[in-house]
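Letters A, B, ... mirror the listed sequences (proteins, then strands); counts begin at 1.
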Amino acid sequence: MYVKFPHGAAKRTDAAAAAEVLYDAVIVGGGISGAIIASRLAEAGKRVLILEAGPAEDLTLRGYEGYLDRFYASADKDNQAPYPAVSNAPMPRSTEVRRIFPGAPDSSSYIVQSGPFASDATYTRVLGGTTMHWEAKTLRMLPEDFQMRTLYGEGADWPLTYEDLAPYYNEAEREIGVSADVEDQAYLGITFDEGYVYPMKGLPLSYLDQMVAKDLDGMPVELDGESRELRVRPFAQGRNGVPNPDYDGGKGFVPQAAVSTYQVNVGGRCQGNNNCVPICPVQAKYNAGKTLAVALQTGRVDLVAQAVAHKVHIDPQTGRVTEIEYRRYDRPDSPGFTTMRARGRLFVLAANAVENPRLMLASGLRGSSGLMGRNFMDHAYLLAWALMPEVAGTFRGTVCTGGITDLRGGRFRRRQAAFGVDIHNDGWGWARGAPMSDLIDLVDAGGRYGESLRQGLVDRVSRQLQLAFMVEVPANPSNRITVDPAFTDHLGNMRPILTYDIPDYTMRGVAYARQLSKRIFARLGAEDHTAYDPNFFGYVVYGGEGYEIRGGNHLAGTHMMGHDPSSSVVNADQRSWDHGNLYMVGGGSMPTVSTSNVTLTIAALCLRSSRAMLAQLDADSAPIDVTSNGQGRLQEVTR
Amino acid sequence: MTASTINSRDDLISYLNAAIALEHGTLPPYLTAYYSLHPTTNSDAAHIIRVVAVEEMLHLTLAANVMNAIGGTPDLTRPGFVPSYPAYLPDGEDDFTVDLRSFSPEAVETFCKIERPGRAPNENARLLPKADDTRRVLISSPTVEGMRFYSIGEFYAEIIEGLQKVAAGDPGLFSGNPELQVGSEYFYSGGGAVIKVTDLDSACRALKFIADQGEGLDSGLYDADGELAHYYRFRQLQLGRYYQVGDHADEPTGPSLSVAWDDVYKVKVNARLADYPAGSEIAAAVRNFNAEYADFLAMLTKAFGGQPGLLQDAVWFMFRLRDSFNRLVRNPLPGGGGLHAAPTFEIPSIAGSDPHAARSSGATAQAVTR
């Protein structure tokens, strides 16, 4: 069934009128975190305002196809290719990253990079946020990922355990609509409730996965005295598949298809298109617009878009947030804006792990622990590429269906980083721009055309195998987001400055990953074509060897949660230690990024936090003293 | 009341064969209009046609399930299964023409006629003599020579009554192999779930669903699941606005929609192979399409014959058909006065036995689909 976005909802809330309302919660950001929290608060009868930095457009199938058209027409097929570049709410773009030379930070694009490592990390600032371009892998974290300090002396411990989060993983898997089979996903300590099944059945492994598995399964690996056997395993995915009739005690599951203001029928099931990233052509892949639309249907959620949060205002006596000042731009393509404010009983920063601390730091709120913006984490990706000995059907299936998860955890994490391995069905796309680079080479260097060109392209790409090693990066306070008034965007908002280096712990994992890739290729009889370019922006030399390291857009750590206010920014509910009515939610709360893509865990954390918010709203029923600047009067919202 | 034209299981099988062919017979016209739209234009029109086409595929599957349930064998490869266009459908007393043509006001008018609910003014008018016996009316009675139905709704009403009657006298009617039923794990349409048919009740539900969603006897704008009926989906293109729940039939109040009638490849109406210059590349492409389409029907026949998993392979096969369709409609027809090429849906007679036997040599699709 399609998800109905209320017609006009992106524009109907008058920002000036909204400024006179005391909302139960003001949420900054219309991505998955903000959408989930808005939906849960509204469902409980609370009144919510969402501020969204991106353009104020209803989510319609036509609008979505505008994204698709932009993507198809774009020469660069990067993560942001489908989405409009709005200078009032700029987005980082991987195509803009440059190599950083010592002493020369790069401020040429939105994120000012002071290095020494240049990251191509991106996030998408449109309604639905980065889930518009995400790949939709929905791995649960391992139980050991929550206790890295205790178990392995590396990184930080969570104030939560896997068991604490497990019920919210279940709920997140329902919200996102995850396709997987429990028997494939229960490994390295991951457990499921008795009788649990995923909402939809597992998506099949691609032909390429099966070709790899044929020779790889059973490959022995000895690491830190533990031996294990590798195998190709399907990933859990936030893409619609065959509903599992056994779900929810036999009630089954209804997949959420495309979002629109009018009845449409696409996206109920994945069709195997090959560009999940940066955009699913049919919306079989979850995007947060699906949750947002449901939240807006309640009538208790107001949305003001083209609204970029500028400053968080604090009552100096109580430390509580009084209002969020934002700049509402009139048009995406012109610099005019109006300063507005939003008031609520609770405030929720749900931008992302870069924008959340950026806003706090730009507001002069460094946090009593001094950790605001520190401990920036992402995954460090190492790619290795080869040609299979025979045609392996590369470019069939979605971007990634299977991989190797056996080295996500284990005792070796005392010494070196763990990783997951993706088998990429899009060949050498990420590493070397396939198939476009192959096409250009066949035409320019090979003089091919017509049938010979078509056949040549098939011959070249259908044996490509690319392994992506997603290596964990532990928290390190010197990896951080800061701001500087010298660097502002078109609206006068301070831009994020990223200081980032890849720790040796991670590089030991990277070096091991490269060695393992050679063994895997040898076992498969695949011809290794991996060659790392010293001019690549993310070229890192470690142990005498050079590697290309890429970002994963799995941003985390910058407002880490913990038990202790002196060593964390938020508590286990993602509530600020310093500001009692402020929640900072999303990847920034995660103390470890470990080896799972972050979105499912973010969703689970936000579902958990929405309970805490409801409890707090019900407990703090006394009205808050809010300065109203002498004009207008606050109106309590009826509930 | 006129006597029932269905008196036995064999009569039912004849009718269900006609129903399967009817549901399929609307697809070539819908697909021709759909693929004639210029890419990136006419999103509203494209999705409305697409939804209806996909739901006709659901109806086809439901009719096949009923057929299998009573022990018949759906066969989409039999000669004459794909109609020769123009074909004719009844709109009450009169017939109208169903053409393979580009998206256009005429095409939308035809689609509205196909999907317009039509109840006969009285029971005696359900079956009418054919005006012109040479015409291939898609819902002729398979058991009474020279008669055709007043409307598609009446055609299905006849089958439902026939089922009830035959089932009453034959407790073993629903003795088909349940393994042949296609369930929702194999078929997905977005609008309405496939129903497995095991008895009279599920058979009637399946057929009533077809009639209600599609060309039935008018059960209102929306069905129980909130799905808009086909006729009203097409009416939106004529009225320039989407319906929303609670609307009156003449006055949709949802978001507006727009149609760019000129952003369309104009194809030759009801093109035939004979219209393509012999030996030309484009003639080979048409033959290739027709052969692929024959392969596709053979695959569906196998899917309905006990291999429902093949319906998942049918998904990529439809992408292949899409590419072959586009290869034609985006190229002008030599000597066609500016009109473009289009598939002719003339199915080679040897198709079905060996999926590769019918494919013409030198087919242009080979390189990319290997």
Does B:D225 form a side-chain contact (heavy atoms from CB on, under 4.5 Å) with A:M1? I'd like the steps, not just the answer. CA-CA 9 Å; B:D225 296 328; A:M1 198 62 184; 5.8 Å; no
So do the side chains of B:Q244 and A:T261 get within less than 4.5 Å of each other, counting heavy atoms only? no
Here the gap from B:R233 atom CZ to A:N265 atom CG, rounded to the nearest 0.5 Å, amounts to 5.0 Å
Which atoms of A:N240 approach chain B - backbone, side chain, both or neither, heavy atom under 4.5 Å: neither
Quick one: does A:Q263's side chain have a donor or acceptor within less than 3.5 Å of a partner on B:G226's backbone? yes
Part of B:Q236 within contact of chain A (heavy atom distance under 4.5 Å): neither
Can you pull the side-chain hydrogen bond (donor to acceptor under 3.5 Å, both in side chains) pairs that have at least one residue in residues 37-51 of chain B, sequence neighbours excluded? A:R62-B:D44, A:E65-B:S43, A:E65-B:H47, B:D44-B:Y242
B:I48 CD1 to A:Y262 OH distance, which is reported to the nearest 0.5 Å: 8.5 Å
How about B:V245 and A:K4: do any of their side-chain heavy atoms sit closer than 4.5 Å? no
Would one find more than 12 heavy atoms of other residues, nucleotides or ligands at under 6.0 Å from atom OH of A:Y207? no
side-chain contact (heavy atoms from CB on, under 4.5 Å) evaluation trace for A:R269 with B:V315: CA-CA 11 Å; A:R269 279 194 200 174; B:V315 174; over 6 Å; no
Within 6.0 Å of CD in B:E251, more than 12 heavy atoms from elsewhere: no
At a 4.5 Å cut-off on heavy atoms, which part of B:L257 comes close to chain A: side chain, backbone, both, or neither? both
Heavy-atom cut-off 4.5 Å, strictly under: side chain, backbone, both or neither for B:F319 against chain A? side chain
